[in-house]
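Working notes, structure below.
Chain A is the first sequence line, chain B the second, and so forth, proteins listed ahead of strands; every chain is numbered from 1. Just so you know, these numbers use all the heavy atoms, side chains as well, and skip hydrogens, waters and symmetry mates.
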Amino acid sequence: MDRRVRVRFAPSPTGALHIGGVRTALYNYLFAKKHGGDFLIRIEDTDQTRYVPGAENYIIEALKWVGIIADEGIGFGDGPHAPYRQSERKPMYLQYVMQLVDAGYAYYAFDTAEDLDAMRERLKASNVDSKYDAITRMAMKNSLTLPEDEVKRRLEAGEPYVVRIKLPKKEDVKFHDEIRGWVNINTAQMDDKVLFKSDGMPTYHLANVVDDYLMNISHVIRGEEWLPSAPLHVLLYRYLGWEDVMPKFAHLPLLLKPEGNGKLSKRDGDRLGFPVFPLEWKDPATGEVSSGYRESGYLPEAVMNLLAFLGWNPGTTQEIFSREELVEAFTLDRVSKSGAKFDQNKAKWFNQQYVRHTPDKVLAESLKKDVLAHNLNYSEEYITKVCGLIKEKISFIKELWEIGSYFFVAPTQYDEAVITKRWNDKSPLVLQDLIQLVRGNQAFDAASFEVNYNEALSKNGVSNKEFLQLLRVCLSGVAGGPPIFEMAQLFGKEVTLERLQHALSNIKK
RNA sequence: GGUCCGUUGGUCAAUCGGUUAAGACGCUUCCCUUUCACGGAAGAAUGAGGGGUUCGAUUCCCCUACGGACUACCA
């Protein structure tokens with residue numbers, strides 16, 4: 001087995017890519033990198049009716065944001081097998097369809113939608129599986145039942161037709177799945193799937209097999225929803241004479257809705273209370289906006305890490321993995337077989353780990369946007385220091401502003417619980433003295449402020465325990481936060497005095 | 001309904017016939033701390049059910065139950 005590893009992620013541009021799709025792409029990517037192979041992006045847009053403008057671009061941007069960089073394909077500079085969009089490969093499929101028809105592995109079918117409906121209803125009524133198969137096809141309008149000259153006439157007259165695969169009546173199709181082992185399905189359970197549609201486009205099944213063959217794909221790593229049609233694909237490889245270069249299959253477990261029922265889907269949007277999309281997505285048809293991981297303050301490295309762990313684990317207790325470590329550790333045989341429910345808490349925890357290890361300077365870039373959005377002007381140095389002081393308290397970057405806005409805007413309200421509990425007749429006196437002492441200082445820093453504070457306390461016979469929390473509230477308005485004296489030092493002498501003064505004249509029990 | 005796939009704490013999960021059945025998230029308690037966090041310590045909580053095979057089953061087989069996927073001229 002020294003075939004070069006080549007894998008692909010082949011999404012359909014029918015809307016935003018949800019995180020399950022991103023995970024599939026990620027596993028392909030990790031597998032390719034692990035084996036020094038190639039990872040390519042192919043756009044499967046054979047269904048023109050479901051095309052959604054902007055979706056293709058969204059998919060590419062989402063992958064790039066997470067850090068899944070392809071070697072070839074749409075959005076990644078194409079490559080030796082261009083084009084990578086199936087709609088643009090349209091002329092390539094016909095010859096393979098003809099090859100199958102000529103060899104007797106496929107046939108023309110002229111049934112209308114009404115014909116098919118009628119057939120399905122008839123079979124349903126007699127309690128039989130309603131599928132177009134070795135039995136029922138003999139009662140339909142196709143090149144197996146129509147006289148040869150009639151078929152020729154219809155074809156020449158330009159009547160609409162599809163090409164269906166001609167499955168054997170009863171035959172076991174066995175194939176090996178890298179994750180699940182041997183899977184066996186009998187053709188009696190399958191139906192004569194359409195390979196070539198009346199609009200001249202191949203269906204997924206045909207296009208997928210042809211393109212994977214032409215692009216020299218060595219492993220097909222895709223979602224479990226494809227497992228039932230894998231035998232059809234195996235048969236196509238066989239009938240086209242490509243069985244010796246047929247890729248290996250690996251069907252990934254699905255990502256499930258956290259509340260229990262069903263697989264995660266695009267339509268879940270924000271309903272679940274967490275983003276299902278990597279980036280914010282606005283549905284062009286409905287105008288509905290769904291939130292994205294990026295916009296919610298997730299870091300791309302964290303998303304890659306947490307997605308990797310949804311259905312895979314390294315077998316060790318290490319959970320935080322860099323991209324390189326994931327590439328190194330990833331193997332298909334450690335992918336689990338059962339679907340995983342997305343856990344918001346765990347996702348949050350992953351992000352927190354990454355936020356904590358993000359340099360203050362980088363966090364500051366994000367916080368700066370919030371500062372500017374509020375028409376405030378602070379130096380980068382100041383914003384960076386704020387980040388250093390509060391970053392361990394947050395899980396998401398956007399919380400920097402949410403919990404740290406008092407570094408930029410003076411409090412107008414004071415935590416009531418603390419005021420009720422601690423504010424008494426002596427409080428104004430302590431504040432007054434503290435203000436006096438700070439004013440008298442030339443310099444101002446954490447240490448000198450603390451000295452002044454202690455002096456003000458002892459002068460009024462107030463204990464540290466009684467007053468410290470109150471001091472915090474006077475300065476920031478809220479009960480929790482970083483060490484008080486460091487915080488004050490960052491505020492600077494002027495702001496500290498202003499806030500103390502404001503508290504003195506505004507807080508009343 | 002049919003076919004296929006799956007089933008270890010609430011969630012993600014390790015174990016590849018012999019363990020006190022890891023670890024993480026979440027939860028509870030305690031310690032640290034002016035506070036909020038962080039960090040540290042401890043705790044509650046798991047093999048769907050029933051049959052086999054075996055000296056021994058979470059692990060292998062069968063049945064049942066449950067969950068999921070598929071069942072389009074969609075992917």
Hey, what's the ring geometry for A/Trp312 with A/Phe309, parallel, tilted or perpendicular (30° and 60° as the breaks)?
perpendicular
Considering only atom P, compute the distance from B/U46 to B/A41 and round it to an integer number of Å.
23 Å
With hydrogens left out and only the distance checked, is there a donor-acceptor pair under 3.5 Å joining A/Lys337's side chain and the base of B/C5?
no
Can you tell me which nucleotide in B/C73, B/A75, B/C70 comes closest to the side chain of A/Val162?
B/C73
Whole-Å distance, A/Lys421 NZ to B/U35 P, equals 10 Å
Is it true that A/Tyr453 and A/Asp433 share a donor-acceptor pair across their side chains at a distance under 3.5 Å?
no
If pairing means Watson-Crick or G-U wobble with both distances under 3.5 Å, then the partner of B/C25 is B/G10
Is the centre of the A/Trp182 ring less than 6.0 Å from the centre of the A/Phe175 ring?
no
Within the 3.5 Å criterion, strictly below it, is a donor on A/Thr14 or A/Lys266 matched to an acceptor on the partner's side chain?
yes
Contact class for A/Ser198 vs. all strands (heavy atom < 4.0 Å): base, sugar-phosphate, or nothing?
base
Between B/G1 and A/Asp129, counting only base atoms on the nucleotide and side-chain atoms on the residue, is there a donor-acceptor pair under 3.5 Å?
yes
Checking all strands, does A/Thr14 fall into the base, sugar-phosphate, or nothing category for heavy-atom contacts under 4.0 angstrom?
nothing
Check this for me: does the side-chain of A/Arg180 come within 3.5 Å of the base of B/C5 through a donor and an acceptor?
no
For A/Ser130, answer base if it contacts any base atom (sugar-phosphate contacts may also be present), sugar-phosphate if it contacts only those atoms, and nothing otherwise; contact means non-hydrogen atoms under 4.0 Å.
nothing
If you take atom types as modelled and just measure distance, does the side chain of A/Lys346 reach the base of B/A24 with a donor-acceptor pair under 3.5 Å?
yes
Looking only at side-chain atoms of A/Asp343, point me to the closest of B/G10, B/U35, B/A69.
B/G10
Please tell me which of A/Thr112 and A/Arg472 maps to the more 5' nucleotide of RNA chain B, matching each residue to the nucleotide holding its nearest heavy atom.
A/Arg472
Regarding the side chain of A/Lys263, the nearest nucleotide among B/A37, B/U3, B/C70 is B/C70
Taking for each residue the nucleotide of RNA chain B with the nearest heavy atom, is it A/Asn345 or A/Gly481 whose nucleotide lies nearer the 5' end?
A/Asn345
Listed nucleotide nearest any side-chain atom of A/Asn313, set B/A72, B/A37, B/A13:
B/A13
A/Phe342 has an atom CZ; how far is it from atom P of B/U11, in whole Å?
15 Å
Please pick, from B/A75, B/C12, B/C38, the nucleotide with the shortest atom-to-atom distance to any side-chain atom of A/Gln352.
B/C38
Quick one: do the A/Tyr204 and A/Asp47 side chains pair a donor with an acceptor below 3.5 Å?
no
